[in-house]
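Keep in mind the model is a prediction, meaning the values are calculated, not measured. So you know, we letter chains A, B, ... as the sequences are listed, proteins then strands, and number each from 1.
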Amino acid sequence: MNNNRTRVCITGLGLVSALGDGLAATETTLRHGQACLGRLRLFPLLQGAGLPVGQAVFTEDKNSPLPRTHQLALHAAKQALAHSSGHVPDAIVVGCTTGGMLSTENMLAEHPAAASTSICGNSVCANSACRYHALATVGAELARFTGCSGPVLTVSTACSSGALALALALRLLRSGQARRVLAGGVDSLCRLTFFGFHSLQLVDATGPKPMDRHRRGMAVGEGAAMLLLSSAEEDTPLAELLGAGLSCDAYHPASPHPQGDGALAAMRSALADAGLAPEDIDYINLHGTGTVDNDLAEARAIRRLFAQPPPISSIKGASGHSLAAAGAIEAVLASLALAKGFIPANTGFSEFDPDLGLHPQDKPVDKPLRSLLSNSFGFGGNNASLVFAAAGAFPEQPKLVGALPPLAVHACACFTGAGDLAATLARLESGQSCADRVEIARYCTTLPARQLRRLQRLTKLSLALAAAVVPEGKPAAVDSVFMGTGWGSLSETADFLARLEESGQQFPSPTNFIGSVHNSPAGQVALLLGAKGANVTTSGGEQSFEQACFAANLLACRSNRHIQRNDQQHTEQDEPGTLSSLLLGADEAHVSWSPMLDAAICPDTPLADGGGALLLRRDTQAAMAVISHCQLFSGQTAVTLLLDALGGARRAGERIGLILAGISAVDKGLAYAQLEEFRRLCGQHIPVCLYRDFLGQFASASAVAAVLAVSLLREQYIPAVLLTDQKRVLSPVYLGGKSVLLLGCGYTLSAVEFALP
Amino acid sequence: MDVLIEELKGKLITLLNLQELTPETFDADAHLVGGELGIDSIDVLEMVVMVEKDYGVLINNQEVGQQVFATLRSLAAHIKQHSPTKTP
């Protein structure tokens with residue numbers, strides 16, 4: 001169902017950061033223009049005690065099992081929903097990089113052996129202490145708190161995560177799939193990020209001075225900001241989100257493109273999406289971390305785009321850089337600035353830098369604003385720009401005409417313990433399991449040695465997948481990358497923290513920190529392919545791949561909108577682009593961190609990893625399959641909601657020829673109950689394959705299952721040996737033109753349907 | 001100093017995973033950063049950590065860093081000059 005009104009309003013705000021707890025306190029701080037940085041007081045330091053941080057004005061509830069990150073997120077969510085008249089959000093999108101890392105680090109500080117033993121469930125306890133380590137648990141707790149039964153996405157793209165979450169929420173609302181979305185970002189301080197940025201020499205011990213001639217770096221901060229976005233006309237707007245633009249530098253893993261190419265692309269795209277020209281923007285809220293490189297690249301991009309730049313400022317001199325929370329915190333501040341008519345100061349600035357050529361606002365100033373551009377440029381070249389407007393400031397809104405066609409699969413590849421796709425299929429046909437660790441070295445031989453030398457397991461696996469699925473000699477056709485990973489780069493994370501601990505916090509490895517961020521693999525894939533469009537990493541536990549697919553549906557393969565201005569009537573055609581998108585899911589098995597973190601891994605579970613990749617385009621010509629449905633639900637009515645979304649139980653039952661079911665090892669009872677309910681309602685006759693029994697127990701096994709789905713569609717038959725009721729089935733089961741449903745069961749329910757084109 | 005140079009060759013090859021190089025083929029006078037070896041700013045940071053850890057020499061100034069890491073030989077010279085302990 002298409003919603004012709006694309007007006008997306010911000011109707012609820014919540015935030016907590018170093019600037020204060022809640023809107024009123026934050027506004028007071030901003031009007032004084034004071035810096036809120038201080039010494040880190042969350043965990044003991046052997047080194048770096050003098051480095052300023054932006055610690056949030058927030059005291060954790062020590063009796064709660066939830067890590068600090070989750071508590072911050074819930075705190076902000078409560079504020080945002082306080083005036084929402086009891087409406088439950090239809091969907092949640094949250095950006096995060098730290099998850100439960102602080103709690104895991106605290107546990108390791110007391111029990112260092114937990115990280116180096118490969119025995120899981122040891123009494124020290126790992127599994128229960130790490131229960132909330134995964135980024136997915138942040139989204140899950142927000143869903144539990146709000147009662148949301150619709151899609152919940154957890155995204156992790158370093159410093160642009162919060163802004164990306166809002167961009168996804170915007171697309172979701174415009175697509176008509178949701179009317180109210182809770183979106184934002186959160187991160188807590190932790191050793192990994194505190195020492196990580198310090199190891200990169202990106203932290204200024206004297207405090208960040210964004211845009212200043214003598215700036216020497218950032219300060220790490222923390223916080224949470226959540227916004228309720230709505231397309232429901234009856235909700236009262238505080239401000240409006242007019243547009244979003246995403247890009248990827250595809251330049252370097254840690255440094256931004258020096259001329260700000262990616263930043264420029266994101267800002268241009270956001271303006272086009274909002275239907276505004278640069279001269280329509282009244283204020284730019286900078287990413288402005290205070291590092292030499294970011295501020296230079298950002299300033300250059302602004303000067304290329306704006307003939308006469310409007311007032312600009314960065315608030316990170318006051319708050320520090322809250323990583324995934326930053327884009328969302330700044331979105332809340334944008335709403336405040338628009339509603340109240342004032343521009344926050346660029347705290348920390350004192351001397352103009354001629355290389356930047358821009359004078360930021362050095363004092364807070366009252367000024368009515370109609371529109372505002374906010375930038376968030378992340379590590380790995382992940383750029384997001386958002387355009388906000390005062391409620392009702394731009395009554396003429398571009399109208400969306402027509403829906404985008406579904407994504408079609410043009411190529412696929414996978415790696416498992418058995419090997420590549422051909423080897424995996426051969427193993428499966430004999431009814432044997434592929435569960436094992438991938439022989440990565442074997443599949444990286446064609447990749448550039450220069451790029452590989454600093455990379456570890458998960459990133460190498462991701463690159464191998466990308467190389468396997470993109471036609472040789474045609475990498476330039478891939479524009480966007482969507483990757484799901486349940487646990488991220490465990491090798492680099494484990495190594496960084498081990499070195500940190502061994503050296504008394506003195507000598508952690510910068511390379512390991514850069515490689516440890518969840519979006520590092522997707523960033524390296526973008527580098528390999530020159531993919532400069534949207535670059536999204538989702539981390540949704542065992543449904544990470546499905547969440548990436550959901551995001552791809554919203555963002556992949558769209559052209560920049562073509563806007564016709566005709567007597568103030570703006571119409572636009574959202575045409576499918578001619579470019580391709582890479583959708584992948586991968587996870588690495590780390591010999592000690594995987595059993596430590598993943599409760600699905602038991603003493604007798606073979607350590608397994610792997611991944612799958614699909615090359616997607618909107619055109620179905622010569623496609624292998626079409627992704628006809630991609631749905632995410634949770635809660636007690638999830639199965640009913642899903643069947644509705646699939647066109648009703650009867651239609652689904654007639655259409656689906658095979659269910660590839662992913663049973664969550666952690667929520668087994670719930671998962672089996674869902675599967676049974678699904679089959680009971682739409683047809684006991686539909687054959688089922690419990691794919692984790694064959695592919696292995698790792699979070700992104702569903703990505704391999706997706707590739708399996710596409711392969712089975714092409715072959716049109718299912719080896720009987722894969723099916724659960726194979727005693728009754730003696731010969732291969734023919735699909736007969738029917739579709740294959742990838743069904744993820746557990747605390748959340750996901751469904752991705754693959755059909756013949 | 002030759003001993004130090006040989007020692008550094010081995011360390012850098014391991015540290016930066018320069019699989020195509022051996023101590024024999026590693027030219028002590030070739031450009032380290034931005035040269036044929038493809039060494040970049042991240043590698044420089046790794047080298048900074050190594051130099052502090054293994055030789056006790058701190059390099060925390062970007063300009064100093066640029067001169068010090070120009071070639072392997074200049075790196076060895078800097079370490080020799082600033083190391084608190086005797087280096088061969």
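Remark: A/R450 CZ is packed, more than 12 non-hydrogen atoms of other residues, nucleotides or ligands lying under 6.0 Å away. The environment of A/K532 atom NZ is sparse: at most 12 non-hydrogen atoms of other residues, nucleotides or ligands sit within 6.0 angstrom.
Most heavy-atom pairs under 4.5 Å with chain B: of the set A/S509, A/A254, A/P508, this distinction falls to A/S509. Heavy-atom pairs under 4.5 Å with chain A peak, among B/V48, B/L18, B/N17, at B/N17. Top candidate by heavy-atom pairs under 4.5 Å with chain B, chosen from A/L452, A/V292, A/L200, is A/L200.
Taken to the nearest 0.5 Å, the OG1 atom of A/T511 stands 7.5 Å off from the CG atom of B/L15. The OG atom of A/S503 lies 7.5 Å from the NZ atom of B/K53; values are rounded to the nearest 0.5 Å.
With a 4.5 Å cut-off on non-hydrogen atoms, A/I514 touches chain B through its side chain but not through its backbone. In this structure, the portions of B/E52 lying under 4.5 Å from any heavy atom of chain A include both its backbone and its side chain. In this structure, chain B has a heavy atom under 4.5 Å from the side chain of A/S255, while its backbone stays farther away.
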(request) Test side-chain contact (heavy atoms from CB on, under 4.5 Å) on A/Q201 and B/I59 and set out the steps. (result) CA-CA 11 Å; A/Q201 295 191 0; B/I59 302 166; over 6 Å; no
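Nearest heavy atoms, B/G38 versus A/R453: O-NH2, 3.1 Å. Smallest separation of non-hydrogen atoms from A/P510 and B/L45: CG-CB, 3.6 Å.
Ionic pairing of A/R454 and B/D40 is present here: one or more N-O contacts between side-chain nitrogen and carboxylate oxygen are shorter than 4.0 angstrom.
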